[in-house]
2 protein chains.
Amino acid sequence: MKTAKTVASLKTVASLAGVSIATVSRVLNGDPVVKDETRLAVQRAIKTSGYHPNRVAQRLRSTNRSKKLIGLLIPDIQNPFYVDVIRGIEEYAYANGSAVVIGNFSQDPKREKLYIDILRSESVDGFIVAPSHGKDQDVEELINDGHAVVCIDRGLSNLNVDVVKSDNEKGAFNAVAHLIKLGHKRIAHITGDPAIPTTQERIAGYIAAHKHYGIRVDQKIIKGKESNFISGVEITKQLLALPDRPTAIFTANNLLTLGALETILQQELKIPEEIAIVGFDDVYWATSLNPPLTAVRQHGFEIGQRAIELLYQRIQQPDRLPANVIVKTELMIRRSCGFK
Amino acid sequence: MKTAKTVASLKTVASLAGVSIATVSRVLNGDPVVKDETRLAVQRAIKTSGYHPNRVAQRLRSTNRSKKLIGLLIPDIQNPFYVDVIRGIEEYAYANGSAVVIGNFSQDPKREKLYIDILRSESVDGFIVAPSHGKDQDVEELINDGHAVVCIDRGLSNLNVDVVKSDNEKGAFNAVAHLIKLGHKRIAHITGDPAIPTTQERIAGYIAAHKHYGIRVDQKIIKGKESNFISGVEITKQLLALPDRPTAIFTANNLLTLGALETILQQELKIPEEIAIVGFDDVYWATSLNPPLTAVRQHGFEIGQRAIELLYQRIQQPDRLPANVIVKTELMIRRSCGFK
DNA sequence: CTGAAAGCGCTTACAG
DNA sequence: CTGAAAGCGCTTACAG
């Protein structure tokens, strides 16, 4: 029961069908040159032997054909945005009989490097990566070595590469404009890690909205350190302790939003009457919050799909010019922003 | 720039160092038999050539040694519980230089089958699976064919297999007991898909708590269809429309909880005064809810770690008796259960 | 239309 | 201590 059965190989099938392994391979690969009679015999042998091709051998052998395996480097699998991206990629891969190897590097560049090495030596067809920062040398090296790479969420500053990402500036603009139109004049912005390009784009949108509506920007209420929950908690505390406390907060991602929400709750402030909030990143639990959260929705699933499409194009046409795909965001207006 | 550099192989290194590929392989594998001088020359050649072993060739060749690759079959990557499990598994794999291939089958048995086939033909060392249902034939076949398999969250009814899961019955018992101690006497239970073993165990805990405290069980307020959000919404609506409406709801997983929460919010009922709620599955946003949610925490990360430990044991010792690891749950008491 | 043979990049007995 | 050779399961020119 527990001893591994020997698995059927080309050889098994070949001897069963009374042909050579080359012929079996041809049938498997749909080579039209094979005689019908032979093909049938082989197909029968495949059935009865329960043969499944060995993808490892196929990958080792084949040089030009697709290996049906793509590598994914994700900064944080706990972030629902990336989960949507993964689903988009997987959906497409699944339809192609491709498998996806996910390396979740938890924002750790060392771990990112290890996964790059592993995936490289697994001979994947290509990579979809959210680089840990703007000048990610490991990803650059990958590209310079001739691998097909598509970046998501953020590009590379030194290299022209395929990128798929959200319209961050516009998304931030719309969120802040929404607050302004509701009468808010003193709006804080809790930013993500300043080293990430996305952070800068969202700040730009925040500022642009102020300019557009003729409202003064106060740099003292634009604050950010890291992109995580703790940072959201700390900065919210600082903001709420200010003598001229803001009437609204715009948070730059879902983790920061959560930190802000928890802090507001603890101080027993009413949303939106005492403090309004709008967050970047919509999440599936936003409508179950009390009050439901107004948020900028990123279409992660679409971002994933565009990314893998671009990747397959890049594989087939290594020299085409890099594309820059911007996926629209959408402001989901719910009840966390009203003004007294 | 875009033309793939030829990658260094054993051959490259061997000729650079002036030795045979066998010797290079020995150095790479730490064979102590190699002369120091030779070893150094080879190591130098490895450095200068930028050699990285080809894992595909290694996997094809080696029969008894670890392939450093494990397969993961996850029913729903959107469920934060599984994300925790994945992280636990990955942490361990990372420390071992192993990679993890994730197949997210979205509760679709067909897709599960495809991923099993793919992973099998990738010659993974073993599988960690949450079977789509109690009698999952594809997983059974995998085991019968001699593959190392560990199940998480639920076992297989026809086969004795390694299983790691939460103490579902006790977790449910504690949640319901908590409500009863707060004075609730009419507690509804929104269950998951009745076909999943987990669902039955949680129902058992719910009933046991009632028995233990001498409270009558009303089958009419134990309801469930699927394990998703929509099901949570629908059943909550039915429960709230009842003439003798329950004073509390115990939801069997995080998606159902979310559905219940949204419905309660829409009907503008106050939690916990008008309706109390306790959910199975703690989530990282539970403390940002208003009021913060009382929930049964499953230790997904530990479940993942136990599972991969068991898997490696199973690989080394294919004949040891199947283990059944139960990981404790923990009731996180917050503010959603108080009674008037 | 089909088969024999080379080779992808490794590991591992077997000689020496 | 080291090398030549076989072989893992495939694919693909090359003959015939």
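The structure displayed is predicted, hence computed values, not measured ones. Each chain gets a letter, A, B and so on, in the order its sequence line appears, and its residues count up from 1.
- Here the closest non-hydrogen pair linking B:Ile102 and A:Glu90 is O-OE2, 4.1 Å.
- Defined by atom type and a distance below 3.5 Å, a donor-acceptor pair is missing between the side-chain atoms of B:Gln107 and B:Asp76.
- A salt bridge links A:Arg59 with B:Glu122; the closest basic N to acidic carboxylate O contact falls under 4.0 Å.
- Using a 4.0 Å cut-off, no side-chain N or O of A:Ser9 falls inside it from OP1 or OP2 of D:dG9.
- When the nucleotides C:dC1, C:dT11, D:dT2 are ranked by their closest atom to the side chain of B:Thr38, D:dT2 comes out on top.
- Residue A:Thr23 has no polar side-chain atom (N or O) positioned under 4.0 Å from OP1 or OP2 of C:dT2.
- Of the listed nucleotides (C:dT12, D:dT12, C:dG9), C:dT12 has the atom at the smallest distance from the side chain of B:Ser25.
- The side chain of A:Gln58 contributes an N or O atom lying less than 4.0 Å from OP1 or OP2 of D:dT11.
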*Dot-bracket for DNA chain D, please, read 5' to 3', with Watson-Crick or G-U wobble pairs under 3.5 Å on both distances, ( ) within the strand, [ ] crossing, | other strand, . unpaired.*
|||.||||||||.|||
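- Between the base of C:dG3 and the side chain of A:Arg26 there is a donor-acceptor pair shorter than 3.5 Å.
- Look at A:Asp117 and B:Arg55 and you find no salt bridge, because none of the NZ, NE, NH1 or NH2 atoms lies under 4.0 Å from a carboxylate O.
- Checking the phosphate oxygens (OP1, OP2) of D:dC8, no side-chain nitrogen or oxygen of A:Asn54 falls inside 4.0 Å.
- The aromatic rings of B:Tyr115 and A:Tyr94 are tilted relative to each other, their planes meeting at an angle between 30° and 60°.
- Between B:Leu28 and B:Ile46 the shortest side-chain heavy-atom distance falls below 4.5 Å.
- Distances shorter than 4.0 Å separate none of the side-chain N or O atoms of B:Ser20 from OP1 or OP2 on D:dA4.
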